[in-house]
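Please read the structure below before turning to the comments.
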Amino acid sequence: MPFNYRHSVLCADEVALDEIAERFGTPCFVYSAASIAASYAEFEDALKGRAARICYSVKANSNLAVLALLAKLGAGFDIVSGGELARVLAAGGDARSTLFSGVGKSEAEIFFALKKGIGCINIESEAELDRVQAVAASLRLRAPVALRVNPDIDANTHPYISTGLRHTKFGVPHAEAEGLYRKAADMPNIDVVGIGCHIGSLLLEAAPFIAATERLLLLVDRLDSAGIRLRHVDVGGGIGIRYKDESPQPPEAFVRGVLAALGRRPHTVIFDPGRSIVGNAGLLLTRVEYLKPGFLVVDAGMNDLIRPALYGAWHEVQAVRESASTTGVYDIVGPVCESADFLAKGRPLAARAGDLLAVMSCGAYAMAMSSNYNTRPRAPEVLVRDGHALLVRRRESVEELFALERRPD
Ligand SMILES: *Cc1c(COP(=O)(O)O)cnc(C)c1O
């Protein structure tokens with residue numbers, strides 16, 4: 001665990017969080033490089049001896065320092081926009097080990113990705129396949145593609161983050177995939193290289209994930225007999241983490257099940273985890289501004305961390321200075337002018353105005369989903385590595401927030 005008390009002060013690895021708050025101010029995101037590396041290694045170890053790639057899902061946390069760290073460890077990347085590809089390249093990642101996912105890729109994004117030598121475009125509809133063929137023809141190259149197939153599996157998760165059922169916008173229906181593969185295989189500027197799926201996020205159990213892989217493999221075998229030989233099987237991400245008291249099966253259980261399903265097939269297997277790599281490697285450091293009966297008003301808000309407001313998500317909150325007793329039960333709320341602006345509800349804590357709190361499990365979908373609502377500058381990000389706290393994104397200034405705006409004459 002990257003965050004522990006030492007001499008009654010919560011630390012990120014060896015670095016005390018009150019020192020980080022002193023240096024960089026609050027609110028502030030703090031990440032542990034060692035924890036990210038350890039989570040990556042869990043996948044790597046489980047996949048040892050097998051042709052495999054781990055393509056970190058950039059949207060979970062796209063800070064360049066996080067991407068650079070993972071690139072150095074040998075990770076590939078899973079992206080959902082041209083902007084994310086630009087980040088991967090800026091961080092020293094390789095386009096050839098990057099997959100481009102997402103339902104709404106623009107012509108400009110496809111052009112950019114192909115020019116940079118993207119490893120694979122995950123096609124989500126026939127219209128998109130036609131568009132990729134046209135862009136690839138204009139560039140006189142062959143676009144490597146996979147179809148993202150919707151296995152119609154219920155991932156048993158929150159409807160906003162469940163993506164594998166028939167009525168979601170994602171993927172090509174399982175029943176239509178074979179026809180589309182035949183069409184793709186006949187296109188002059190398309191190189192069919194793989195198949196993919198992603199059934200949703202925050203999966204606590206491996207069973208639906210493995211079931212989806214098995215559905216995918218039925219198709220892989222059928223295509224194989226039809227002479228369409230795929231090189232990779234991308235089984236997606238979505239492996240859950242503990243936020244409260246859940247007991248998610250570890251990545252190793254997901255990997256083991258997938259490898260068993262694959263058996264002796266020669267395909268390279270690809271995982272694209274996001275949350276399970278970075279989620280519990282980060283926290284949001286915030287200071288109590290005011291004590292109101294029943295409330296702790298803190299300096300972080302829903303613009304910094306929208307998950308509680310958006311999904312009703314539960315984040316553990318810990319006092320940075322450890323205390324044996326509590327001073328009350330509080331809703332922890334931010335300064336934003338919305339009733340949904342809360343970080344946590346009904347938490348027994350020891351807190352006074354000026355105290356520091358740590359909102360845990362903020363490594364994934366926290367800073368990445370933050371906004372400037374209420375003209376609030378986004379928080380800085382600090383990476384703790386080898387015992388040092390490194391500023392990897394500085395706090396925005398207020399002037400920067402309206403620097404692109406103009407008053408008309
Ligand atoms: C978002 C996404 C992921 C990562 O999901 P996590 O829940 O963060 O692991 C992986 N693959 C695809 C295609 C995605 O859209």
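Each ligand, and each atom within it, is numbered from 1 in the order the structure gives. Only heavy atoms go into these numbers, but all of them, side chains included; no hydrogens, no water, no symmetry mates. What you are looking at is a predicted structure, and each value in this text was computed from that prediction instead of being measured.
Polar contact with ligand 1: absent for Ser276 (N/O pair, distance under 3.5 Å). Distances between N or O atoms of Ser57 and those of ligand 1 include no value under 3.5 Å. Inclusion of Gly200 in the set of residues having an N or O under 3.5 Å from an N or O of ligand 1 is not warranted. Between Arg148 and ligand 1, not a single N/O pair is under 3.5 Å apart. Among the atoms of Gly274, some N or O lies under 3.5 angstrom from an N or O of ligand 1. For ligand 1, the polar-atom distance check finds no N/O of Ser101 at less than 3.5 Å from any of the ligand's N/O atoms.
No side-chain donor-acceptor contact under 3.5 Å links Asp78 to the backbone of Phe100. Although no hydrogens or angles enter the test, the distance criterion places a donor-acceptor pair under 3.5 Å between the side chain of Ser397 and the main chain of Glu400.
Remark: distances from the non-hydrogen atoms of Phe170 to ligand 1 are all 4.0 Å or more. The shell of residues lying under 4.0 angstrom from ligand 1, judged by heavy atoms, includes Gly238.
Of the heavy atoms in Asn122, none comes closer than 4.0 Å to ligand 1.
Ion pair Asp234/Arg53 not flagged as a salt bridge, since none of the NZ, NE, NH1 or NH2 atoms sits closer than 4.0 Å to an Asp/Glu carboxylate oxygen. Remark: Glu316 does not engage Lys244 in a salt bridge, criterion side-chain N to carboxylate O under 4.0 Å. Salt bridge status for Arg265 with Asp221: present, with a side-chain N to carboxylate O gap under 4.0 Å. Here Arg321 pairs with Asp18 in a salt bridge; the nearest charged N to carboxylate O distance falls below 4.0 Å.
Contact between Arg378 and Glu396 at its shortest, heavy atoms only, is N-OE1, 2.7 Å. A pairwise comparison of heavy atoms in Ala177 and Leu147 identifies O-CD1, 3.7 Å as the closest pair.
Ring centers of Phe254 and Phe209: under 6.0 Å apart, within the cut-off.
Close approach of ligand 1 to Asp78 (heavy-atom distance below 4.0 Å) involves ligand atoms 11 (N), 12 (C), 13 (C).
Looking at residues two or more places apart in sequence or on another chain, you find no salt bridge (charged side-chain N to carboxylate O under 4.0 Å, His left out) involving Glu44.
Remark: minimum distance from atom 7 (O) of ligand 1 to any protein heavy atom is reached at Ser201 OG, 2.3 Å. Protein heavy atom nearest atom 2 (C) of ligand 1, with residue, atom name and distance: Lys59 NZ, 2.3 Å. Here the protein heavy atom with the shortest distance to atom 8 (O) of ligand 1 is Tyr365 OH, 2.5 Å.
Taking each of Glu124, His198, Arg275 in turn, the one with a heavy atom nearest to atom 12 (C) of ligand 1 proves to be His198. Here the shortest heavy-atom distance to atom 11 (N) of ligand 1, taken over Asp272, Ile239, Leu203, belongs to Asp272.
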